[in-house]
Amino acid sequence: MASTYSLQYKRRERHTIQAVQSQALEQRIGRGYLLQISVVFVAYLVAGKLGQATANIRSSNLGPVWPAYGIALAAILICGYRVWLGVAAGAFLVAFFSPVSHLAALGQAAGATLGATTGAFLLRRFANLHPSLSRLSDALSLIALGGFGSAIVSASIGVSVLYATHVHAYSGLGAAWLVYWLGDATGVLLVTPLALRFTDFLKLRDRDRIAELAVLLLLLAATCLVIFSDLPFIPVKLHVMAFSVLPFIMWAAIRFGVGVTALSILMVAAIATIETALGAGPFASNTTLVNAVLLDVFFGVLSVSGLSLAAVIAERENAERERERVVSKQAAMEARLRADEALRESEEKLRLLLDSTAEAIYGIDLEHRCTFCNPACLRALGYDHIEQVLGKNMHQLLHHSRADGTLFPVEECRVHRVTQTGEGVHAEDEVFWRASGTSFPAEYWSYPQRRGQEVVGAVVAFIDITERKLAEAALANVSRRLIEAQEQERTRIGRELHDDISQRVAMLAIELEQLQESPPNLSEVPSRMGELRKQTSEIAADIQSLSHELHAAKLQYLGIAAAMRGFCQEFGEQQKAEIDFQTHDLASPLSPDISLSFFRVLQEALHNSAKHSGVRHFEVRLWGTSDEIHLTVKDSGAGFDPEAAKKSRGLGLISMEERLKLVNGTLAIETQPKGGTVIHARVPLGSKSDSVRAAG
């Protein structure tokens, strides 16, 4: 009995406590509900009185902007449908003190309440609106459904009640409905975003950002006053520049987001509406109806542009933050997974991942023993099975010696340094050794392998750079040969100037001096002068020939055909050879790059033929087609082995090919031993050197 009584007592005590707690909760909820209704009522009342302040552009109880409707929609979106009573009471009281009947005031209050409730329902149910307006869909939904959509309900009810009570506004029912609808919609566009994002201003902590916001608002206010106020000290009215405020709206959208953008648009609307009511600005020069409609359209354009841009930027920033959050979360999760897994499982997964890659990769522990090795590594080192490498000391297996065969101590090995310092290295001046005992130059990257914060080994990735080294050596060889060729050419020119031309000029000077010191008989003067003139002409001709080899001036003044013909004639006279030059169907004029390239190819080809062919008859053909220019130099001499030429190509062939590449041309050689040689160069018409001119 005692235990039963005790149990019943405890139950009654528990029920009493629960009842007290429930009653306290209901009291707190009730006090909060009353506070919300009061705040909504006061806010609607203040906004309504502000909306009624523009008497000059109003008719009856209708105005171009009704900010109270924006307050109503924001209140229901923030607090829920239960604050409809505060909206209704505020709307009725505002209309009650305006020049309409009590019945009309009641109808307008019902229209505002029902319209705001409908707008909130559409935004929540169908648009899934987020109050932050951080998505473009949120901004567009608020504009379309919350603004223009829900205003249809409030305008239809409000105007119907006005005309039912014999209160006529503007020029008719249609005009009154249009102004009513635009006024409520504009109220939503101007006020609701600001109410939803009012907390944005509380987040401004940085002084530079606050200063920037102050500058923005001051410049925007000054611009609005200049445009909408018709200031007396400005002789020209700037009405056509009404949309010059749009860059400031874009500034607010890009730098500060939806809240500041809404505040900027509201500031423009307030100044423009007040100045219009005072009879100034671009929206005060028409009838009351036109002024009201134009104001609403202007505010609508600013709101749609600014809010959409701010929402797009906010959506992009949120997406970037979400991506960073996801990436950070994934990285943290992967780090935790790696810390929880055993080292062998990690190595197994790594091996499965690397089996398909073409890059040679292997891993080592702190003792340089191989922990994994992918197939590409086995192929590069010449091993058949992974058992030949796994567990072996990789330094002793492939990195034991330098290129000259001397031992490479592990203490000096950079891979070993990675396991000691935990810092990655990159090297391309060492060799690795294959299973066959041969070495190859390698470029490798080595990075530490960690378990948590502890270094447990290293991962090495390498590539065989034999081909690159050969290419670098070949390039260095070509550069050396080019330098040697330049020096030889300079030596030849210097020798020719010193041993030939300089000596002949000296002899000419001596003869002239002798002629001056011991003048001959008058009968001998003509013959002596003729000899001196002949010597002078020969020296000038040789200097001109040498000059033409260095720079063909005829190319610039006479064109490619005349320059080639002249060179063939001069070269034939010098080499005691017969050169048959013919040209046809040649496009004119050719670009300087193509002309110079062809001329140098002709010079090189004729020099090679005269030097190696063993004959003294050559054929040169220059012709054009619809899309190409061709040059061939042919001889019937000794020829050469094409295969041998491919393996050891002379500098002349390289020079010709490189010149043609500069103009997108190609070089073909047809030759065989004792079968003659044909050098064929072709260049497409219109080709140009993109970066390097085909210099002489």
Side-chain angles (χ1 to χ4, degrees), residues 548-549 551-572 575 577-613 615-643 645-646 649-673 675-696:
H548 285 177
E549 289 188 15
H551 176 68
K554 291 182 180 180
L555 276 176
Q556 181 177 358
Y557 300 107
L558 302 180
I560 182 65
M564 283 189 171
R565 190 184 304 277
F567 177 77
C568 289
Q569 182 178 355
E570 295 173 1
F571 187 82
Q575 299 293 330
E578 180 184 353
I579 301 177
D580 180 14
F581 176 80
Q582 295 183 18
T583 180
H584 61 87
D585 300 330
L586 192 64
S588 180
L590 292 179
S591 70
D593 289 350
I594 296 177
S595 298
L596 185 56
S597 295
F598 269 130
F599 189 80
R600 295 307 186 197
V601 170
L602 173 66
Q603 285 182 315
E604 188 66 39
L606 284 178
H607 277 101
N608 288 346
S609 296
K611 183 177 180 181
H612 301 292
S613 67
V615 298
R616 283 296 177 264
H617 179 79
F618 311 108
E619 295 180 3
V620 178
R621 301 289 183 266
L622 177 67
W623 76 95
T625 63
S626 60
D627 56 353
E628 286 185 328
I629 303 297
H630 297 260
L631 170 67
T632 59
V633 180
K634 180 180 179 181
D635 67 65
S636 56
F640 56 89
D641 184 3
E643 295 299 326
K646 291 180 180 179
R649 305 176 65 189
L651 190 60
L653 296 179
I654 295 176
S655 174
M656 288 188 286
E657 273 197 348
E658 292 302 319
R659 288 186 182 279
L660 291 172
K661 285 181 181 179
L662 293 175
V663 289
N664 299 327
T666 57
L667 180 71
I669 303 174
E670 300 176 9
T671 183
Q672 56 183 352
T677 302
V678 178
I679 304 294
H680 187 180
R682 66 179 67 190
V683 173
L685 285 175
S687 65
K688 294 182 179 179
S689 173
D690 292 333
S691 59
V692 182
R693 184 179 174 86

Using only heavy-atom distances, determine whether the side chains of Glu628 and His630 contain a donor-acceptor pair under 3.5 Å.
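Result is yes, a qualifying pair exists.
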
Gap separating the [atom1] atom of [X] from the [atom2] atom of [Y], nearest 0.5 angstrom:
X      : Y      : atom1 : atom2 : result
Leu660 : Ser597 : CG    : OG    : 6.0 Å
Ile669 : His680 : CD1   : NE2   : 12.0 Å
Ile579 : Phe618 : CD1   : CZ    : 6.5 Å
Asn664 : Leu685 : CG    : CG    : 12.0 Å

[X] versus [Y], closest heavy-atom pair with distance:
X      : Y      : answer
Ala561 : Thr583 : CB-CG2, 4.3 Å
Val663 : Asp593 : CG1-CB, 3.8 Å
Ile594 : Pro684 : CD1-O, 4.3 Å
Cys568 : Leu602 : SG-CD2, 4.2 Å
Thr671 : Gly676 : OG1-O, 3.1 Å
Ala610 : Ser613 : N-OG, 4.4 Å

Does Thr632 form a side chain to side chain contact (heavy atoms under 4.5 Å, CB included) with Arg682? I'd like the steps, not just the answer.
CA-CA 9 Å; Thr632 59; Arg682 66 179 67 190; over 6 Å; no

State, with a plain yes or no, whether a side-chain heavy atom of [X] is found less than 4.5 Å away from one of [Y].
X      : Y      : answer
Val678 : Val633 : no
Ile629 : Leu622 : yes
Lys611 : Leu606 : no

Residue among Glu619, Arg565, Arg621 satisfying side-chain contact (heavy atoms from CB on, under 4.5 Å) with Gln582
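Exactly one pass, corresponding to Arg621.
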
Quick one: do Val620 and Asp580 satisfy side chain to side chain contact (heavy atoms under 4.5 Å, CB included)? Show the steps, please.
CA-CA 6 Å; Val620 178; Asp580 180 14; over 6 Å; no

Begin with the C-alpha distance, continue with both residues' side-chain angles, and end with the deciding distance and a verdict on side chain to side chain contact (heavy atoms under 4.5 Å, CB included) for Ile679 and Thr677.
CA-CA 7 Å; Ile679 304 294; Thr677 302; 4.1 Å; yes

In sequence, state the C-alpha distance, the side-chain angles, and the governing distance for Phe598 and Met564, and then conclude on side chain to side chain contact (heavy atoms under 4.5 Å, CB included).
CA-CA 9 Å; Phe598 269 130; Met564 283 189 171; 3.6 Å; yes

Do Arg616 side-chain atoms and Gln575 backbone N/O form a donor-acceptor pair below 3.5 Å?
yes

For the pair Phe571 and His607, name the ring-plane relationship: parallel under 30°, tilted 30 to 60°, perpendicular over 60°.
perpendicular

